[in-house]
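Keep in mind that this is a model prediction, so the values were computed, not measured. Atoms within a ligand are numbered from 1 in the order they appear, just like the ligands themselves.
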Amino acid sequence: MHEFIELESRYSAHNYHPLPVVLTRGKGVWLWDVDGKRYLDMMSAYSAVSFGHSHPVLVAALTRQAEQLAVTSRAFHTDRLGPFLQTLCEMTGMDRALPMNTGAEAVETALKAARKWGYKVKGIADNRAEIIVCHGNFAGRTTTIVGFSSEPQYRDGFGPFAPGFVAVPFGDAAALEAAITPRTAAFLVEPVQGEGGIIVPPAGYLAACREICTRHNVLLICDEVQTGLGRTGRLLACEHEAVKPDGLVLGKALGGGLLPVSAFLAREEVMRVFKPGDHGSTFGGNPLAAAVGLAALRLLQEERLSEHAHETGARLIAGLRAIRHPAIREVRGKGLLIGMELDPAWMSARAFCEALMRKGILSKETHDTVVRFAPPLIISEAELDEALVVIRATFEELLPAAEARRRTGESFFV
Ligand SMILES: *Cc1c(COP(=O)(O)O)cnc(C)c1O
């Protein structure tokens, strides 16, 4: 075993199960391990590295700002926060933004805003507000958030959980409407479920949810931490159905792959519920984060990365669907957020990712059966075609072992 893996394994909490690769350098869509081997990054740090590794424009914004002013707390104003939030609001069509650091914090901010709006604006009785979520959701790892997860492992041993959440099946607008009561403050939904397995809901689902939420005076809050900022081929995934949410959660790519930067954005009527002292974060909206976030948003526009993700994503999906292999159950996704569902009788997603790694592509399974393909949005068509050749070759190479496994039911690559 590599000394660095041993060291990590000795001193870190075992809350992850990484692939056995030790990375030391990244540039664009490429990563290098400590032995100098090069890999194509098809994972992008769960979409945080949409601009590729160490994008020169973003690194320049980071280093320039680091030398100027990095962290002040929100006890004072800075000349960086306003321009960042202005661009963020103008691009997304939202009225106001509340900057945080991680996705989970921005989701927590959305939950607090929704509840307070429920009491102060909608008139729900104190402490009675409910928020509707979806089965298979992923919104982070805080105790409140895992409390409304439907994934047993995310919850096991971490209770008691906060009340006030109701779960409905994802993709079923009628179920949402049936779950709404006079106590419902908001519906929190991912336009495409990422960690849930790259689940794309039926066409028209989000638009139907919008209509239902409007009719019942319920806030529609889209968690676009993973799907936002070009990933699905539009700036926001909810734009595929021309939906404008009341609240929007962004994160991951907002930090340009360099820093944790997140935000909760909302309509005026919602954001107005926050008064000084109601909510905050020591690092949220710091000048370093604001400078990098602004540079990332500009880059997204200037390089037309949403359009590029739309085009290259269609090419990648078509290329993956053209691979004929009995282990492939389904290829699904939007833009460059693509999942390939494998039949576990043939091979586990983990085994496939390890085989891909040996051939120079890094990806990661989500659940036991889905391989995620979510490269940086800057990936070129030539690089994608190269990746497709390697993916196809990996399936061919694994065919005899997979066939043997299926015949005998024995474990494969464990
Ligand atoms: C990753 C993710 C989060 C949580 O973000 P962190 O930065 O890991 O806290 C929230 N929502 C969605 C949809 C995500 O994919």
Side-chain angles (χ1 to χ4, degrees), residues 13 15-16 18 43-50 92 98-114 131-151 154-155 158 165 167 170-171 186-201 206 209 220-232 234 236-238 240 245 247-265 281 283-286 289 292-293 296 333-339 363-367 370 372-374 377:
N15 59 327
Y16 276 92
M43 158 70 180
S44 310
Y46 301 94
S47 295
V49 184
S50 280
T92 57
L98 198 162
M100 299 295 281
N101 311 284
T102 64
E105 288 174 307
V107 170
E108 290 276 356
T109 306
L111 301 175
K112 287 172 83 172
I131 293 171
I132 300 175
V133 298
C134 290
H135 294 306
N137 70 74
F138 183 84
R141 300 292 202 149
T142 65
T143 48
T144 296
I145 290 171
V146 298
F148 62 73
S149 171
S150 52
E151 184 64 42
Y154 295 171
R155 302 162 53 87
F158 301 126
F165 296 96
F170 180 62
F187 174 49
L188 174 71
V189 65
E190 297 157 78
V192 175
Q193 286 189 335
E195 297 320 293
I198 325 286
I199 312 290
V200 183
L206 207 62
C209 293
L220 174 67
I221 300 178
C222 289
D223 180 350
E224 295 230 30
V225 170
Q226 186 154 169
T227 55
L229 304 178
R231 175 55 57 186
T232 70
R234 296 289 186 96
L236 302 174
C238 49
H240 287 286
L248 172 68
V249 191
L250 294 176
K252 292 196 169 116
L254 191 56
L258 296 172
L259 293 170
V261 183
S262 69
F264 170 63
L265 295 107
S281 158
F283 288 97
N286 69 72
V292 171
K334 259 199 179 133
L336 282 173
L337 184 58
I338 297 171
S363 184
K364 188 76 166 67
E365 76 276 10
T366 160
H367 293 273
V370 182
R372 172 201 320 255
F373 292 111
L377 305 187

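Between Glu105 and ligand 1, a contact under 3.5 Å exists for no N or O pair. Remark: ligand 1 and Val107 share no N or O pair separated by less than 3.5 Å (distance only, no angle test). Checked against a 3.5 angstrom limit, the closest N/O atoms of Lys252 and ligand 1 fall inside it. Considering backbone and side-chain atoms alike, Gly140 places every N or O at 3.5 Å or more from each N or O of ligand 1.
Close contacts of ligand 1 with Glu190, meaning ligand atoms under 4.0 Å from a residue heavy atom, involve 13 (C). Ligand 1 places these atoms under 4.0 Å from at least one heavy atom of Thr102: 7 (O), 9 (O). The distance from ligand 1 to the heavy atoms of Gln226 drops below 4.0 Å at these ligand atoms: 15 (O).
At least one donor-acceptor pair under 3.5 Å links the side chain of Ser262 to the backbone N or O of Thr102. No side-chain donor-acceptor contact under 3.5 Å links Glu365 to the backbone of Arg372. At least one donor-acceptor pair closer than 3.5 Å links the side chain of Glu224 to the backbone N or O of Cys238.
Ranking protein heavy atoms by distance to atom 4 (C) of ligand 1, first place goes to Ala104 N, 3.6 Å. Given atom 5 (O) of ligand 1, the protein heavy atom at minimum distance is Gly103 CA, 3.2 Å. Atom 11 (N) of ligand 1 has Asp223 OD2, 2.7 Å as its closest protein atom, hydrogens excluded (heavy atom only).
In this structure, of Leu188, Val225, Leu250, the residue bringing a heavy atom nearest to atom 3 (C) of ligand 1 is Val225.
Residue contacts with ligand 1 leave out Gly194, since none of its heavy atoms falls under 4.0 Å from the ligand.
Here the shortest heavy-atom pairing between Ile198 and Gly333 reads CG2-CA, 4.1 Å.
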*Could you give me the CA-CA distance, side-chain angles and deciding distance for Leu111 and Phe165, then say whether side chain to side chain contact (heavy atoms under 4.5 Å, CB included) is met?*
CA-CA 10 Å; Leu111 301 175; Phe165 296 96; 3.9 Å; yes
request  = Step by step, work out the side chain to side chain contact (heavy atoms under 4.5 Å, CB included) result for Leu250 and Leu236.
outcome  = CA-CA 10 Å; Leu250 294 176; Leu236 302 174; 4.0 Å; yes
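Checking each of Val192, Asn137, Val189 against Phe170 for a side-chain contact (heavy atoms from CB on, under 4.5 Å) leaves exactly one that passes, namely Val189.
For atom 8 (O) of ligand 1, no protein heavy-atom neighbour is found at a distance under 4.0 Å.
Atom CD1 of Ile338 is separated from atom CG of Leu336 by 6.0 Å, given to the nearest 0.5 angstrom. To the nearest 0.5 Å, the span separating CZ on Arg155 from CD1 on Ile145 amounts to 13.5 Å.
Within the 4.0 Å heavy-atom criterion, both parts of Phe138, backbone and side chain, lie near ligand 1.
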